[in-house]
**Q** 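Sharing a structure below in structure tokens format, with a few things to ask.
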Amino acid sequence: MMVLHDPGIIFLKSRKTAGSSIELALSAFARDGDVIAPIDGGSGDDVERARRRYAGPQHYRKSLIELVWTPTYRDLRDLIKGKPLLKFHNHCAARRARRHLGRAIWQRYLKVSVVRNPWDYMVSSYYWGNRGAAELPDFERWCLDNRRLIIRNRRQYFIGRQCVVDRFLRFEQLGQDLQVLESERPGLTGLADIFASTSAKRGIRPKTGPSVAELFDAAPRADRLVGELCRFEIERFGYQRPRRESI
């Protein structure tokens with residue numbers, strides 16, 4: 001998650017949507033007072049930020065005084081586990097972000113997130129979740145056992161039943177959508193070009209092997225489940241399950 005005060009943007013980082021690459025690019029525009037949560041620990045992305053001399057993690061920790069005024073379940077859980085207290089974290093939920101930013105900033109700033117074809121997203125999650133495994137598990141069984149992942153990004157998109165994202169960037173056309181965003185926010189000029197030069201967390205999904213269509217053709221129950229749970233993405237953005245190309 002990031003908050004850039006000058007262009008007035010709150011970036012709510014969804015999962016498996018090139019969010020780390022976008023954060024890396026946004027870091028080039030960050031100033032001293034902006035909020036930058038660390039990218040996944042051990043991924044090397046924060047090291048890449050430093051190598052590029054971009055702003056690094058800042059203003060994301062939570063003090064004991066802030067704990068008294070804005071306690072959350074996550075804070076108590078982290079205290080019990082001996083983890084550091086954080087106001088904002090990598091994939092911060094919209095509800096938590098609003099709570100700690102305050103309603104004035106929340107309502108005034110443009111809230112941005114990324115959406116992706118839900119079938120393609122689940123395939124990406126499958127390979128990411130099994131990275132390093134000696135043998136990949138059955139795709140359909142994995143999807144059914146991990147059905148919570150299908151709508152996991154709703155925590156960034158919604159507070160209760162209300163979608164709070166003002167601007168969705170589509171994963172399938174990120175370069176184009178980032179160009180539109182920077183044209184509307186002059187303080188972000190060059191964002192799309194910087195994004196194009198990043199490669200955060202790439203290389204997990206194999207370049208060869210079954211396509212999204214082939215995987216779901218062999219997994220009809222998982223196919224139906226994605227279709228049932230992702231009505232928001234399907235109805236708002238017109239996403240459909242990829243089909244095999246006819247020969």
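Note that these values count all heavy atoms, side chains included, but never hydrogens, waters or copies made by symmetry.
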**Q** Who are the salt bridge (charged side-chain N to carboxylate O under 4.0 Å, His left out) partners of Glu214, not counting sequence neighbours?
**A** none
**Q** What do the steps show when you test Arg221 against Glu140 for salt bridge (charged side-chain N to carboxylate O under 4.0 Å, His left out), and what is the final call?
**A** CA-CA 7 Å; Arg221 288 183 297 167; Glu140 181 164 63; 3.8 Å; yes
**Q** Which residues pass the salt bridge (charged side-chain N to carboxylate O under 4.0 Å, His left out) test with Arg141, not counting sequence neighbours?
**A** Asp145
**Q** Regarding Arg99 and Thr72, do their side chains bring together a donor and an acceptor under 3.5 Å, going by distance alone?
**A** no
**Q** Trp128 ring centre to Arg131 NZ or CZ under 6.0 Å, with the angle to the axis within 45°?
**A** yes
**Q** The criterion is salt bridge (charged side-chain N to carboxylate O under 4.0 Å, His left out); which residues satisfy it with Arg161, sequence neighbours excluded?
**A** none
**Q** Strictly by side chain to side chain donor-acceptor pair (under 3.5 Å), give each pair with a member in residues 79-89 just once, sequence neighbours left out.
**A** Glu66-Lys87, Arg74-His89
**Q** Got a sec, which residues hit salt bridge (charged side-chain N to carboxylate O under 4.0 Å, His left out) with Glu135, two or more places apart in sequence or on another chain?
**A** none
**Q** Identify whether NZ of Lys or CZ of Arg in Arg170 sits under 6.0 Å from the centre of the six-membered ring of Tyr239 and within 45° of that ring's axis.
**A** yes
**Q** Should the pair Arg51-Asp45 be classified as a salt bridge under the 4.0 Å nitrogen-to-oxygen rule?
**A** no
**Q** Sorted by first residue and then second, give each salt bridge (charged side-chain N to carboxylate O under 4.0 Å, His left out) pair with at least one member in residues 177-191; sequence neighbours left out.
**A** Arg167-Glu184
**Q** Is it true that a side-chain atom of Asp223 and a backbone atom of Ala219 form a donor plus acceptor pair closer than 3.5 Å?
**A** no
